[in-house]
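Here the structure is laid out as structure tokens; the discussion comes afterwards.
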2 protein chains.
Amino acid sequence: MDELTQRQQDILGYVVGEYIATAKAVGSDTICQSCGLGVSSATIRNELVALADQGFLSQPHTSAGRVPTAKGYRYFVERLMQRSELSLSEQTMIRHQFHQVSQDLDQWMRLAATVLAKMSQGASLIAAPQSHQTHFRHVELISISEATGLMILVLQDGSVHQQMMVYGNPVSQEQLSRVSNRLNAQFANLGTAQARAKALGEMGGEDEALVIEVSRRMVDVMYAYESQSNREIYRDGLVHILGQPEFEEIERARQVVRVLEQDSALEALFGRVQLANGVQIIIGSDDQTDDIRDCSLVLSGYGLPGEADGIVGVLGPMRMQYGRTVSAVRYVAGVMSDLLHRLYGEQMTG
Amino acid sequence: MDELTQRQQDILGYVVGEYIATAKAVGSDTICQSCGLGVSSATIRNELVALADQGFLSQPHTSAGRVPTAKGYRYFVERLMQRSELSLSEQTMIRHQFHQVSQDLDQWMRLAATVLAKMSQGASLIAAPQSHQTHFRHVELISISEATGLMILVLQDGSVHQQMMVYGNPVSQEQLSRVSNRLNAQFANLGTAQARAKALGEMGGEDEALVIEVSRRMVDVMYAYESQSNREIYRDGLVHILGQPEFEEIERARQVVRVLEQDSALEALFGRVQLANGVQIIIGSDDQTDDIRDCSLVLSGYGLPGEADGIVGVLGPMRMQYGRTVSAVRYVAGVMSDLLHRLYGEQMTG
DNA sequence: TGCTAGCACTCGGAAGGCAAGAGTGCTAAC
DNA sequence: GTTAGCACTCTTGCCTTCCGAGTGCTAGCA
């Protein structure tokens, strides 16, 4: 990695900070006056060309100030940025909101999206925690009308899945109870693959057709859940991004919206980082055709490590308040993890 | 209502159609040439001033063509527009997609949002059907760890609600089963108010503390559900709106996004119409400060009329393909209603 | 060797002027 | 009631000009 002198670091840090704050290219005079380095603007200029040569800065056009490149932002984030933790009052306010809301993962995620968007002034993204591998816990069959009903499947990780059932012929609630009791006994604690084997195997006994149908549906649901496809992603704060000057030209805004609206695109982004190690930052993209080449993404995993990984993150312009965003993401991820731990922690680790 | 001559109607219809297609103000020459009225452009101009005087058309500036006003669109939609049903192949394609997806209301709504956005080239909105008044059906308590668990509440309309429970002290699964059996017996078929009375009344017996806690939580959930607040709204196709030329100026785009991101704003919009009578269209707004004053909204209810009303709709620029959008909304609402009827219909009407 | 003052140079953006084009509104005649 | 004709208005694109910001370079200084 390129080594920069202290002064170069100071200058780079100032340029990045100033550009983030104002969205205007910053020139040598400005730096000279507000940076307190005790050197003239000419000297600054020399340093600027050095930084530009090394790819940390660029110029929109010949006679404009300098603007950070993606590489410049990366250096800033990794070495120069100072942490800015959320204030205590912000922290308590956030926790308070989470405790106020009803005890339901969906609600928490929605709230997390709202809070994160507000704190970071970017577009927040929250994906549900999902186990890569889970086990059967409980099934409940509830009759709705003569030939229709609801199957409610609870998995080991506490996730609840509902499916509507349309039976070929009338089915009574007693029959359903019989079937569910039997399935609860037979499938207790089975993993997805085992459940599949059992569902495809010989069932026999009373109500066989029904047992087979329900068990196959259960297995389908388990597979779909484990495959991670189709989990819901909560979003908020798109409006903050659209408010940034770099999205005045609508085409950029459209690109971002295109990504943000498409779950599969987001999952692809999530896949780019390993979330084991805390907050990760993706800055821009080398791929010029990439829809988020002008954006940065701050991500963190949350949940029960290794067991059920969810994702919280913020998408914003590259010109983003990194310090604050990172803190916000880290804090919200922490709160969500805590909440989940309170509920599942003992069981999982025990 | 103002009466228009046949020729004025023809002209208005043509102007609206042309403007929707091209987004350009349309002038008398264009009308004269492509409209086949057999009169000269001067005559057309005379009619145009008449239409403008009555408020159906306006001019962006003195020497531009005419553009429809909100009033013009309304007249168009109510009297001039010809229905354009979806083609049979489109219809079967849509139905097919709904049958492919897993039998789960959430999935259906997501799909509906996708399909509707695609067909209408606008931003789709889907709100879950929700009963104004519902009854207890079934409760299930599932232990997760020693002192935590899951409460799953099923209501009469088939909606499933989950809540996480943190108990004050360790609780066994047998205890939970005892409690849920008891609650299922005591609360069977109770409405929200009755359930509340029972939950607040004397319980007595074994496990009293637990019974009270769970029953109160159940009542909370029932109230929250009936109040309609906080139901989830599915969206898709924002990108289509942003693609329209009238949203080149980012400020308008921002306004729309602001509305679309805020659930409460959408519920307010939904509240503006009575959905009993099929597809409803809101065109623009008289309120100049309104965030959607440049937009139109095509809405329809779906579900089991009077029992559980959901909403499907499309938000688009005022310059919207009304014929197609109305058909798409009607069709998707129909499909959703059918699906729900298949499941709940017999029970509700029986 | 590093820093600085000075200066010519470049480029974008704003302002102004001009011509072309589109579309109107009016009038007089059919 | 309809139409041809025409003057008028207003936008749009284009070109030019001008200004200022900021650079890059060079020569001189410590």
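Quick caveat: nothing in here was measured; it's all calculated off a predicted structure. Convention: sequence-line order gives letters A, B, ...; per-chain numbering from 1.
- Comparing C:dC11, C:dG25, D:dG24 by their nearest atom to the side chain of A:T62 picks out C:dC11.
- The nearest whole Å value for the distance from the CD1 atom in A:I44 to the C1' atom in D:dG22 is 14 Å.
- Distance A:L37 CG to C:dT4 C1': 15 Å, rounded to the nearest Å.
- Between B:T325 atom OG1 and B:I281 atom CD1 the span is 8.5 Å, to the nearest 0.5 Å.
- As a whole-Å value, the separation of B:L48 CG from C:dG23 C1' is 11 Å.
- Relative orientation of the A:F56 and A:Y75 rings is perpendicular, given thresholds of 30° and 60° on the angle between their planes.
- Note on A:N46: a base of the nucleic acid sits closer than 4.0 angstrom, heavy atoms only.
- Salt-bridge annotation for B:E261 and B:R235: absent, with no side-chain N of the basic residue lying under 4.0 Å from a carboxylate O of the acidic one.
- Comparing D:dT23, D:dC10, D:dA4 by their closest approach to the side chain of B:S40 singles out D:dA4.
- D:dA21 atom P lies 16 Å from atom CD1 of A:I31, rounded to whole Å.
- Of the candidates D:dG24, C:dT24, D:dT2, D:dT2 carries the atom nearest the B:T43 side chain, counting heavy atoms from C-beta on.
- Below the 3.5 angstrom threshold, one finds a donor paired with an acceptor across the side chain of B:S63 and the base of D:dC10.
- Neither OP1 nor OP2 of D:dA21 sits under 4.0 Å from any side-chain N or O of A:R66.
- Residue B:R45 contributes atom CZ, which lies 15 Å from atom C1' of D:dG1 at whole-angstrom precision.
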Exercise for review: Kindly determine whether A:I282 and A:R272 satisfy side chain to side chain contact (heavy atoms under 4.5 Å, CB included), including the steps that lead there.
Suggested key: CA-CA 9 Å; A:I282 302 179; A:R272 283 200 201 168; 4.0 Å; yes
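- Under 4.0 Å is where a charged nitrogen must lie from a carboxylate oxygen, and between A:E248 and B:R254 at least one such pair does.
- Using a 4.0 Å cut-off, no side-chain N or O of B:Q59 falls inside it from OP1 or OP2 of C:dA22.
- Rounded to whole Å, the distance from OH on B:Y19 to P on C:dG23 is 14 Å.
- Summarising the geometry, the separation between CG on A:L57 and P on D:dG22 is reported as 15 Å, rounded to the nearest angstrom.
- One can place NE2 of A:H61 at 16 Å from P of D:dG20, the figure rounded to the nearest angstrom.
- Closest approach to the B:A42 side chain among C:dG12, C:dT10, D:dT3 is made by D:dT3 (side chain taken as heavy atoms from C-beta onward).
- Nearest to the side-chain atoms of B:R7 among the listed nucleotides D:dT2, D:dT9, C:dT4 stands D:dT2.
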